[in-house]
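Notes follow once the structure below has been shown.
Note that ligands are numbered from 1 as they come in the structure, with each ligand's atoms numbered from 1 the same way.
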Amino acid sequence: MSESKKEEIKVIEWLGDRVRLLDQTRLPRDEVYLETDRYQDIASAIAELKIRGAPAIGVAGAYGVALGALGIEAKSGEGFQKKLLKVIKDIGSTRPTARNLFQALERMQRVAESTKAVGDIKQALIDEALKIHRETLESDLKLSELGSALIRDGWTVLTHCNTGVLATAGYGTALGVIKKAAEQGKKIEVIATETRPLLQGARLTAWELQRAGIPFHLITDSMAGYFMKQGKINCVIVGADRIAANGDTANKIGTYTLAVLAHEHGIPFYVAAPTTTIDMSIASGDEIPIEERKPDEVTCFRGVCTTPDECDALNPAFDVTPNRYITAIITERGIIRKPYDRHLAKFDFSGKRIEAD
Ligand code: MRU
């Protein structure tokens, strides 16, 4: 059944004085929703990956700030701002890599600081969070449309992690491009990596592709080179958590390996992300903070351990792909190509959409 005929996936929703979100750690077996009026629950949901994916945690962070603001009792504007800063700091300390979270938090803070009457701040923050959510969907739709032009009829596309509705609370980025190409009638087949250790590919991308009716095969991460060598992959398309001013891109661990493999086999490697993922304040990927998660995500899965007791493990959640391996970066404002430092420096982030050469 096609996506349009299925019930819409409500990843996160503002319900007036509380937030409802789909617990992604329970997918695909159970569709369980969490409802809360506490910003601390939103912060935990982000940290525990109940909601995940760079744009989606930006949206969740913004709603979290709105919830936090609703709970503040303060007599003066100064008192309010002080308490709000603590809310923003708590939410910002959940996951360090995705730029979108900080971009959204900075936006919320600017709105709070520029709203003169204390009585108006709470509503202004709710409005801003809803706007961030709306804009995330709009960006997804635009970049998916633009990116779909790069995908040819009959192609097999490899994607990593989950970059669909679940990851953006909108339409999707890399998976959005794939879905758009399929909607246009192109015959697309997807190779989805399972994405160790938390299986965002196997659990979430497989679930979304099934719902969208797009044919796909699931592979383990280590099978990618095998299929590339066989000439079975026409392009790779992934999302991003943070893109530096020179185009270096942080994304789910394993992305770098895929990019090097794609380069070796002459396969185009595309990054699809909204401009809210681009961080022009950092010159290169060396400055992107990489989240280290607990070793037990590697040694165990859902409470079942697969290693000897007390086995140590390393668990960086992201890696950085150097710009030279990236064929193009697809954004809602245009498709950016090399040299990324020059093209990003003159890129119009706020005005009308441009086609960067
Ligand atoms: O740890 P996760 O599941 O939040 O990681 C998600 C990714 O790495 C995605 O590829 C990225 O956030 C882009 S989502 C459109």
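- A salt bridge between Lys180 and Glu183 is present, with a side-chain N of the basic residue lying under 4.0 Å from a carboxylate O of the acidic one.
- Between Tyr256 and Tyr325, the ring planes are tilted. Angles from 30° to 60° get that label.
- Counted by atom type alone, Thr97 and Asp241 present zero donor-acceptor pairs between their side chains at under 3.5 Å.
- Residues Gln24 and Arg52 have side chains that bring a donor and an acceptor to within less than 3.5 angstrom of each other.
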Enumerate the pairs of nitrogen or oxygen atoms, one from ligand 1 and one from the protein, separated by less than 3.5 angstrom; state names and distance to 0.1 Å.
residue  : atom   : partner : partner atom : Å
ligand 1 : 1 (O)  : Arg95   : NH1          : 3.4
ligand 1 : 1 (O)  : Arg95   : NH2          : 2.8
ligand 1 : 1 (O)  : Lys252  : NZ           : 2.7
ligand 1 : 3 (O)  : Arg52   : NE           : 2.8
ligand 1 : 3 (O)  : Arg52   : NH2          : 3.2
ligand 1 : 3 (O)  : Gln200  : NE2          : 2.9
ligand 1 : 4 (O)  : Gly53   : N            : 2.9
ligand 1 : 4 (O)  : Arg95   : NH1          : 2.7
ligand 1 : 8 (O)  : Asp241  : OD1          : 2.8
ligand 1 : 8 (O)  : Asn251  : OD1          : 3.3
ligand 1 : 8 (O)  : Lys252  : N            : 3.2
ligand 1 : 10 (O) : Asn251  : OD1          : 2.6
ligand 1 : 12 (O) : Ala54   : N            : 2.8
ligand 1 : 12 (O) : Asp241  : OD1          : 3.1
ligand 1 : 12 (O) : Asp241  : OD2          : 3.0

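- Between Lys86 and Asp90 a salt bridge is recorded (basic side-chain N to carboxylate O distance below 4.0 Å).
- Gln184 and Ser148 share a donor-acceptor pair across their side chains, judged by distance under 3.5 Å alone.
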